[in-house]
Amino acid sequence: MLGPVILAASRSDRLRRLVSAAPVTRPVVDRFIPGETVDDIVPVIRDLTGKGLALTMDVVGEDITTPEQAAAARDAYLELIGRLEPLELGARAEMSVKLSMFGQSLPGGHELALANVRPVVEAAAAIGTTVTLDAEDHTTLDSMFTVHEELRRDFPQTGCVIQAYLFRTEADARRLAASGSRVRLVKGAYKEPASVAYQDRHETDKAYVRVLRTLMEGEGYPMVGSHDPRLISIAQELARRAGRKLDEYEFQMLYGIRGEEHLRLAAEGHRMRVYTAYGTDWYGYFMRRLAEKPANLRFFVRSMASRG
């Protein structure tokens, strides 16, 4: 019940100011967002990859209101790629991008976002890695999938994200599974109306399994975005039934959540990729992490109480 309330709070400027100014917030945010700059994040990249983990890097930021801000977001990713190049990690460190950061919601936003994201995808390919387009709220998805298809003409390794709680996702999965693309499946972390999305957690879980079966039985590369132990076990069984080898799919989890499980899966030979976000505009990302799982919210409240 708290999830929708927290998601609504993530769009409140007043709460943004209050939470950001609270002295107890920063140490808790650090659990999920390990830095604000590229200089902060490079040691984290070295540490995680040294432990046998892969990464997908997200420069956090939303509320893009001008073309100049969208260009700055593009440049932030290009700076990241420049710092990744000498590390020679290849596909072990990829990027995740939200097209809203590249100007998708601005006038002419579809073309603007495509123009801004293309240089990032090109630069990523030049150092042997790739980009995944994150899913946002349902009103943006047709544009995101069109950009995805356009980018894949020249960079077929470009990935995208689908969200199990949306009614449309089973059809999207069938289309993507047949295309050979890289697809990350998540439950979904935006407040969506009952007309387009399941509102019940159990219905979302059942949809997740149905969509995951489609991806595992298809021709693409499934990326299992979940921290749920039951869904992880189901994913392993579906992969086994589909005859997939360990390098023919991967698990993805968020930095700061179930870190021991990251290491366990990697030690078993699975490709385990950690979604690692950094940047100064962390509020919206942080609030969605709290909304996704009650344990995250309890951790935040306990930390505030203990530090208060």
Side-chain angles (χ1 to χ4, degrees), residues 54-58 91-99 117 120-121 124-125 129-138 140-190 192 196-198 204-228 231-232 234-254 265 270-275 292:
L55 292 87
T56 185
M57 308 298 303
D58 176 13
R92 293 174 63 198
E94 64 165 44
M95 268 65 63
S96 288
V97 305
K98 292 178 175 59
L99 292 181
V117 76
V120 175
V121 175
T129 190
T130 189
V131 170
T132 294
L133 306 184
D134 278 339
E136 301 183 71
D137 74 80
H138 77 279
T140 68
L141 295 184
D142 286 339
S143 173
M144 185 273 282
F145 285 129
T146 301
V147 170
H148 177 241
E149 291 173 4
E150 177 68 25
L151 291 171
R152 289 196 69 232
R153 293 175 185 170
D154 297 318
F155 306 97
Q157 69 275 29
T158 305
C160 69
V161 177
I162 56 177
Q163 302 166 101
Y165 68 170
L166 295 176
F167 300 149
R168 65 173 289 169
T169 297
E170 291 187 57
D172 288 332
R174 287 191 293 272
R175 172 176 56 82
L176 291 164
S179 70
S181 58
R182 299 166 59 257
V183 183
R184 180 196 304 146
L185 174 63
V186 300
K187 290 185 180 182
Y190 290 83
E192 298 285 14
V196 302
Y198 298 108
T204 297
D205 285 354
K206 289 191 289 186
Y208 191 103
V209 174
R210 292 194 300 270
V211 173
L212 185 56
R213 180 180 294 112
T214 296
L215 295 178
M216 288 292 187
E217 293 176 352
E219 299 174 1
Y221 179 79
M223 300 180 284
V224 184
S226 178
H227 306 96
D228 187 326
L231 291 179
I232 291 168
I234 290 171
Q236 291 172 309
E237 177 61 19
L238 290 175
R240 185 191 65 80
R241 292 182 185 179
R244 287 185 177 266
K245 299 175 183 177
L246 292 182
D247 62 353
E248 293 177 337
Y249 66 101
E250 69 181 48
F251 291 102
Q252 295 193 2
M253 298 186 193
L254 297 170
L265 288 168
H270 291 284
R271 184 170 296 160
M272 174 64 232
R273 192 176 300 275
V274 183
Y275 191 108
E292 282 176 345

S.K.: Would you check if the distance from the ring center of Y249 to the ring center of Y221 is below 6.0 Å?
M.R.: no
S.K.: Of all heavy-atom pairs between A207 and A164, which one has the smallest distance, and what is that distance?
M.R.: CB-O, 3.5 Å
S.K.: Hey, could you give me the CD/OG1 distance between Q163 and T204, rounded to the nearest 0.5 Å?
M.R.: 10.5 Å
S.K.: Might you work through the side chain to side chain donor-acceptor pair (under 3.5 Å) test for T56 and S96, ending with a clear yes or no?
M.R.: CA-CA 6 Å; T56 185; S96 288; 2.6 Å; yes
S.K.: Between G159 and H148, which heavy-atom pair has the shortest distance, and what is it?
M.R.: O-CD2, 3.5 Å
S.K.: Please identify which of these residues, I234, D228, T169, L185, meets the side-chain contact (heavy atoms from CB on, under 4.5 Å) condition with Y208.
M.R.: L185
S.K.: Is E136 close to Y190 at the side-chain level, that is, under 4.5 Å between some pair of heavy atoms?
M.R.: yes
S.K.: With side-chain contact (heavy atoms from CB on, under 4.5 Å) as the test, pick out the partner of L151 among L133, V120, T130, V131.
M.R.: L133
S.K.: When you check the gap from the basic side-chain N to the acidic O, do R210 and D205 get nearer than 4.0 Å?
M.R.: no
S.K.: Looking at S143 and T140, would you say the former's side chain and the latter's main chain have a donor-acceptor pair under 3.5 Å?
M.R.: no
S.K.: Do the charged groups of R152 and E149 touch, with an N to O distance under 4.0 Å?
M.R.: no
S.K.: With sequence neighbours excluded, tell me which residues meet side-chain contact (heavy atoms from CB on, under 4.5 Å) with A93.
M.R.: L84, L89
S.K.: Less than 4.0 Å between a side-chain N and a carboxylate O, is that true for R244 and E217?
M.R.: no
S.K.: With rounding to the nearest 0.5 Å, note down the distance linking CZ in F251 to CZ in R184.
M.R.: 14.5 Å
S.K.: How far does CD of E150 sit from CZ of F155, to the nearest 0.5 angstrom?
M.R.: 11.0 Å
S.K.: Give a yes or no on whether a salt bridge exists between E250 and R273, defined as a side-chain N under 4.0 angstrom from a carboxylate O.
M.R.: yes
S.K.: Is there side-chain contact between H227 and I232, with at least one heavy-atom pair below 4.5 Å?
M.R.: no
S.K.: Would T214 and E170 count as a side chain to side chain donor-acceptor pair (under 3.5 Å) here? Give the steps.
M.R.: CA-CA 8 Å; T214 296; E170 291 187 57; over 6 Å; no
S.K.: Can we say E94 and R182 salt-bridge, meaning some charged N sits less than 4.0 Å from an Asp/Glu carboxylate O?
M.R.: yes
S.K.: A side-chain contact here means heavy atoms from C-beta on lying under 4.5 Å apart; do Q157 and S181 qualify?
M.R.: no
S.K.: Sequence neighbours left out, what passes side-chain contact (heavy atoms from CB on, under 4.5 Å) with A197? Give chain and number order.
M.R.: Y165, L166, E192, Q199
S.K.: If you compare all heavy atoms of E248 against all heavy atoms of P222, which two are closest, and at what distance to 0.1 Å?
M.R.: O-CD, 3.5 Å
S.K.: Find out whether I162 and V183 are in side-chain contact, i.e. whether some heavy atom of one side chain is under 4.5 Å from a heavy atom of the other.
M.R.: yes
S.K.: Would you mind telling me which of V224, D134, V161 makes a side-chain contact (heavy atoms from CB on, under 4.5 Å) with V186?
M.R.: V161
S.K.: What distance separates Q252 CD from L55 CG, expressed to the nearest 0.5 Å?
M.R.: 10.0 Å
S.K.: Are the side chains of L265 and M253 in contact, using a 4.5 Å heavy-atom criterion?
M.R.: yes
S.K.: Quiz question: by atom type and distance under 3.5 Å, do the side chains of Q236 and H270 form a donor-acceptor pair?
M.R.: yes
S.K.: Taking C-beta and beyond as the side chain, do R168 and L141 meet within less than 4.5 Å on heavy atoms?
M.R.: yes
S.K.: List the atom of C160, the atom of T132, and the distance in Å for their closest heavy-atom pair.
M.R.: N-CG2, 3.8 Å
